[in-house]
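Below is one structure, written out as structure tokens, with a few remarks after it.
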Amino acid sequence: MSLKRSYSLIAPFYDLVLSGALAGVRRRALARLPTQPAQRILINGIGTGLDLPWLPQVHHYVGLDLTRAMLLRARPRDGRLDLALVQGDSLALPFADSSFDHAVLHLILAIVPDPARALAETARILKPGGRVYVMDKFLRRGQWAPMRRALSPLSARIVTKLNVVFEDIAEATPALSVMRDEPLLAGGWFRGIELVKRA
Ligand SMILES: C[S@@+](CC[C@H](N)C(=O)[O-])C[C@H]1O[C@@H](n2cnc3c(N)ncnc32)[C@H](O)[C@@H]1O
């Protein structure tokens with residue numbers, strides 16, 4: 001099953017499962033966004049829009065997702081924000097180089113088939129000095145996690161990979177440098193990572 005198909009099926013239940021569990025983590029992660037001046041920010045893989053309540057109102061947002069059923073759920077909550085929704089692929093972003101100030105990538109790098117490409121694409125559309133705010137589940141290099149590594153080939157086909165090593169993705173994306181990397185949940189499996197595009 002393709003990810004687009006599985007997320008179309010998951011869309012009606014997504015908030016039920018994920019809204020409570022990660023609300024605190026989202027709030028903490030998004031509190032790091034600048035609060036002024038107004039900037040153009042990409043929410044890459046916006047899903048049903050669970051990040052929206054925690055976004056500062058001042059900015060101009062574009063929310064991108066591959067799955068129409070997920071995007072349709074993001075729509076009703078956008079009244080408070082300047083938000084445009086776009087159906088598209090994180091692996092080939094439909095935006096010009098250097099056209100955003102910052103990007104938020106929550107629970108997307110561990111999902112897409114080629115996370116290094118998704119991060120490189122994000123770097124491409126950012127202006128120099130632009131920041132990438134990542135929240136996701138990552139293994140560390142050499143980490144002993146036999147269950148996650150064993151289940152990953154199956155879970156990757158349905159909903160998410162469980163074996164993505166952030167350091168491998170970062171190393172493949174020299175345009176970005178890591179500014180901050182902190183554990184957020186589940187003994188550091190979920191991490192909040194901030195990167196900046198080199199000038
Ligand atoms: C786990 S959800 C995360 C949604 C949201 N960022 C959140 O934090 O709740 C993953 C999202 O990635 C989307 N997705 C999967 N592959 C994608 C791709 N290649 N490009 C853009 N979005 C994709 C899915 O449709 C889904 O909405």
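Start at 1 and go down the list; that is how both ligands and their atoms are numbered. Quick note: residue numbers are just sequence positions, from 1.
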For [X], counting its heavy atoms only, list the atoms of ligand 1 lying under 4.0 Å from any of them.
X: Thr67; value: 24 (C), 25 (O)
X: Ile111; value: 1 (C), 10 (C), 15 (C)
X: Asp89; value: 18 (C), 19 (N), 20 (N)
X: Arg26; value: 7 (C), 8 (O), 9 (O)
X: Gly45; value: 4 (C), 5 (C), 6 (N)
X: Gly47; value: 4 (C), 27 (O)

Check whether any N or O atom of [X], backbone or side chain, sits under 3.5 Å from an N or O atom of ligand 1, and answer yes or no.
X: Asn44; value: no
X: Asp51; value: no
X: Tyr14; value: yes

Please verify whether a non-hydrogen atom of [X] lies at under 4.0 Å from ligand 1.
X: Met135; result: no
X: Gly88; result: yes
X: Leu18; result: no

State whether the side chain of [X] and the backbone N or O of [Y] hold a donor-acceptor pair below 3.5 Å, judged by distance alone.
X: His60; Y: Arg40; result: no
X: Glu167; Y: Arg140; result: no
X: Lys161; Y: Pro113; result: yes
X: Arg198; Y: Pro174; result: yes
X: Tyr133; Y: Ala103; result: no
X: Arg26; Y: Pro53; result: no

Q. Is the closest basic N to carboxylate O distance between Glu182 and Arg32 below 4.0 Å?
A.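 Result for this pair is no, no salt bridge flagged.
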Q.
One thing to verify: whether Lys127 and Asp101 come together as a salt bridge, which I'm taking to mean a side-chain N less than 4.0 angstrom from a carboxylate O.
A.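 Looking at Asp101 and Lys127, the cut-off is met.
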Region of [X] that comes within reach of ligand 1 [heavy atoms, distance under 4.0 Å]:
X: Val112; value: side chain
X: Leu107; value: both
X: Met70; value: side chain
X: Ile108; value: side chain

Q: Indicate yes or no: at least one non-hydrogen side-chain atom of Pro12 is less than 4.5 angstrom from one of Arg73.
A: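 With C-beta onward as the side chain, the pair touches.
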Q. Under 4.5 Å between any side-chain heavy atoms of Leu109 and Phe138, yes or no?
A.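 Yes. Closest side-chain heavy atoms under 4.5 Å.
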(Q) Just checking Arg68: does its CZ atom have more than 12 heavy atoms from other residues, nucleotides or ligands closer to it than 6.0 angstrom? (A)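 Result for CZ/Arg68: open.
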Just need the protein heavy atom nearest to [atom], so name the residue and atom and give the distance.
atom: atom 24 (C) of ligand 1; result: Asp65 OD1, 3.4 Å
atom: atom 20 (N) of ligand 1; result: Ser90 N, 2.8 Å
atom: atom 22 (N) of ligand 1; result: Leu66 N, 3.2 Å

Q: Could you check Thr122, Ile41, Asn44, Val62 and say which one makes a side chain to side chain contact (heavy atoms under 4.5 Å, CB included) with Phe100?
A: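 That would be Val62.
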